[in-house]
Amino acid sequence: MRLKLHVWRQASPSDRGGFATYEAEASEHMSFLEMLDVVNEELESKGQEPIAFDSDCREGICGTCGMVINGRPHGPWKRTTVCQLHMREYSDGDEIWIEPWRADGFPIQKDLIVDRSAFDRIVAAGGYISVRTGSAPEANAIPVAREKAEKAMDAAACIGCGACVAACPNASAMLFTSAKAAHLNLLPQGQPERHGRVLNMILTMEAEQFGTCTNHGACENACPKEIKIEVIAMLNRDYLRALLKAG
Amino acid sequence: MSRVYSLYSTSVGKKFTMAVSGAIFVLFVIVHMFGNLKVYLGPEAFNHYAEGLRGFGEPFLGHEWFLWAFRAGLIAALLIHVLAAWQTSRQSWAARGHKYRKRDNLVFHYASRTMRWGGVALFLFIVYHILHLTTGTLHPDFVPGDAYHNFVTGFRSVPVVVIYSVAMIALGLHLYHGTWSAFQTMGVDGPRINRWREPIALGVALIVVLVNLSFPVAVYTGIIH
């Protein structure tokens, strides 16, 4: 199939950037990123700069890839990162707009690559538990209710790709921050540092120039790991509790 | 005080104050709607109710004391609600300096996208509503003390009915997303309550809008005259 691609090109963080249009030839068996690989090979053979984009595992589990395709983070498929999107979705003659995550908290480095280190700083502020290292503890020493374990696992499925921020009309990072807080706050191991975790993670999130949550739900619909906004309600509740305790 | 300050210092806390002040308005519009239903009982009952609002709490309180305390509370809630909305909106606008060329809305429902302009529309409507039926400034045939007369004659004008109808649509959308949102923001969440958050929000919005819209319709069709 022949496709027309409009791709955001930006040479450096300070460059103004703009869309460039490319003709691409693709087979329905390719993944979306393989389609871009072929475009890049062609660009390189012509001595042009290839389109810069992030990817690593290409099996939907690492959270490295991500771009907005026709207005949707990771493209049109639900529960799917862009590396798992396949070209059978498209047909001959389709026009595809490809943009980077757009948020001031994620400054563009080059073309479709954004700097997501703000997420690292949010996690560093409280997305951990303090334990004495050494040999692995006995797995069943601390009982965890099944329901809590399931919920914690659901929240821990977050791969930190940033699609929630990209999809949010407010460019808010609440789903990410909530998921990272929830998977620890739901477990016994997360309790001792719970209040400090919540306060520090929220304060760091605020300092990273993200917007505010207005409960649109776009983040949940965009999340390739189907993290539910109930983790946001949980963080809201934990924030109030932490403030009351901190007084 | 420091706790209140640190609550309000983050957007999460600002949203909480919006939820609480918004909840006050949700209760207010429900009570307001119930009170207005008395118009169906005739002029005497309605005017008696209107006068009762002014004399509420007597003889322990002076005439209109309660009314003014109530109004002061509503104004305070409005100021908090609008201030928090303005501040969080500005933070969000600043968070995406460069907009998407293509945008596919992934939001749960349309109502959440109407909150900002809908809120402004509601504010303008409230100003108009007060000038229309409370002070009578914008009412062509206002009789102080005869709330029933003002109510019925007020809705005999087509432009007025249009203004009220559009405002009720804005109110319905604001109430629907606002009520649902308040649960979420206040962390009222759980497997059992989550089943009810959406129906409660929809129910409050629909009932308030439909009952309020029935008044101009009833006047227009001559059911109340």
Side-chain angles (χ1 to χ4, degrees), chain A residues 6 8 17 19 68-73 76 96-100 102-105 108 147 165-174 198-199 202-203 205-206 208-222 229-241 243-244 246-247, chain B residues 1-16 18-20 84-85 87-116 177-191 193-194 197 201:
Chain A
H6 303 278
W8 182 260
F19 284 96
V68 174
I69 302 169
N70 287 342
R72 271 182 187 246
I96 305 173
W97 291 80
I98 306 174
E99 298 177 67
R102 296 240 184 247
D104 287 24
I108 295 173
E147 195 195 321
V165 174
C168 177
N170 303 312
S172 164
M174 271 298 270
V198 166
L199 292 176
I202 286 178
L203 288 174
M205 177 190 78
E206 291 280 305
E208 294 290 350
Q209 300 178 12
F210 293 112
T212 65
C213 175
T214 50
N215 306 320
H216 282 289
C219 53
E220 179 179 312
N221 284 335
I229 61 166
E230 63 183 51
V231 292
I232 297 180
M234 191 181 153
L235 188 72
N236 289 334
R237 196 165 59 230
D238 269 329
Y239 179 65
L240 284 178
R241 278 207 202 121
L243 279 181
L244 289 173
Chain B
M1 201 60 211
S2 74
R3 267 184 212 170
V4 176
Y5 175 75
S6 48
L7 173 79
Y8 200 78
S9 68
T10 67
S11 65
V12 182
K14 288 188 180 79
K15 289 299 304 300
F16 184 77
M18 276 183 84
V20 173
Q87 290 177 330
T88 53
S89 295
R90 278 185 44 137
Q91 186 182 334
S92 293
W93 290 328
R96 181 165 288 138
H98 200 123
K99 305 272 179 290
Y100 288 106
R101 171 69 180 268
K102 279 277 212 172
R103 197 93 178 90
D104 189 349
N105 269 295
L106 291 160
V107 298
F108 285 173
H109 50 246
Y110 172 73
S112 68
R113 298 176 55 211
T114 68
M115 294 309 271
R116 287 180 188 139
H177 182 69
T179 306
W180 179 84
S181 212
F183 285 121
Q184 176 75 6
T185 302
M186 294 202 258
V188 182
D189 159 270
I193 184 75
N194 282 6
R197 300 196 312 184

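To find a chain, count down the sequence lines: A is the first, B the second, and so on, and within it residues start at 1.
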Requested in this report: Using atom types as modelled and distance alone, determine if a side-chain donor or acceptor of R96(B) lies under 3.5 Å from a backbone N or O of S172(A).
Outcome: no
Query raised in the report: Would one find more than 12 heavy atoms of other residues, nucleotides or ligands at under 6.0 Å from atom CZ of R116(B)?
Result: yes
Query raised in the report: Can you check whether L203(A) reaches T10(B) side chain to side chain, under 4.5 Å on heavy atoms?
Result: yes
Report task. Rounded to the nearest 0.5 Å, what's the gap from NE2 on H177(B) to OG1 on T214(A)? Could you check? Result -> 5.5 Å
Query raised in the report: In terms of heavy-atom pairs under 4.5 Å with chain A, which of K15(B), R90(B), H109(B), M115(B) leads?
Result: K15(B)
Query raised in the report: Between M18(B), R103(B), M186(B), Q184(B), which has the largest tally of heavy atom pairs under 4.5 Å with chain A?
Result: Q184(B)
**Report entry** Heavy-atom proximity to chain B below 4.5 Å, by part of I202(A)
**Finding:** side chain
Query - Contacting moiety of C219(A), where chain B heavy atoms sit under 4.5 Å - result: neither
Report task. Look at D238(A), N70(A), I229(A) and state which one has the largest set of heavy-atom pairs under 4.5 Å with chain B. Result -> I229(A)
Query - Interface moiety of R113(B) toward chain A, non-hydrogen atoms closer than 4.5 Å - result: both
**Report entry** Euclidean distance, K102(B) NZ relative to I96(A) CD1, rounded to 0.5 Å
**Finding:** 10.5 Å
Requested in this report: Tell me, for E220(A) versus chain B, whether the close heavy atoms (under 4.5 Å) come from the side chain, the backbone, both or neither.
Outcome: side chain
Query raised in the report: Picking from F210(A), Y239(A), F19(A), which has the most non-hydrogen pairs under 4.5 angstrom with chain B?
Result: Y239(A)
Query raised in the report: How many angstroms lie between atom CG of L240(A) and atom CG of L7(B), to the nearest 0.5 angstrom?
Result: 6.5 Å
Report task. Look only at the side chain of Y100(B) and the backbone of R72(A), and say whether a donor-acceptor pair between them is shorter than 3.5 Å. Result -> no
Report task. Look at the side chain of N221(A) and the backbone N and O of L106(B), then say whether any donor-acceptor pair between them is shorter than 3.5 Å. Result -> yes
**Report entry** Distance-only side-chain donor-acceptor flag, S112(B) / N215(A), under 3.5 Å
**Finding:** no
Query - Side chains of T212(A) and Q87(B) in contact at under 4.5 Å (non-hydrogen atoms) - result: no
Report task. Flag the pair Q91(B) / E206(A) as yes when at least one side-chain heavy-atom distance between them is below 4.5 Å, and no otherwise. Result -> yes
Query - Heavy-atom pair of closest approach, residues R101(B) and E99(A) - result: N-OE1, 2.9 Å
Query raised in the report: So H98(B) and W8(A), would you call those rings parallel, tilted or perpendicular, with 30° and 60° as cut-offs?
Result: perpendicular
Query raised in the report: Heavy-atom distance under 4.5 Å between the side chains of K99(B) and R102(A), does that happen here?
Result: no
Report summary line: Rounded to the nearest 0.5 Å, the NZ atom of K14(B) sits from the SG atom of C213(A) at a distance of 14.5 Å
Report summary line: Turns out that what part of P76(A) lies under 4.5 Å from chain B's heavy atoms comes down to neither
**Report entry** Structural part of W180(B) lying under 4.5 Å from a heavy atom of chain A
**Finding:** side chain
Report summary line: Interatomic distance, OG@S11(B) vs CE@M174(A), rounded to 0.5 Å, equals 6.5 Å
Report task. State, to 0.1 Å, how close Q209(A) and A95(B) come at their nearest heavy-atom pair, and which atoms those are. Result -> O-CB, 3.4 Å
Query - Contact check, side chains of N236(A) and D189(B), non-hydrogen atoms, under 4.5 Å - result: no
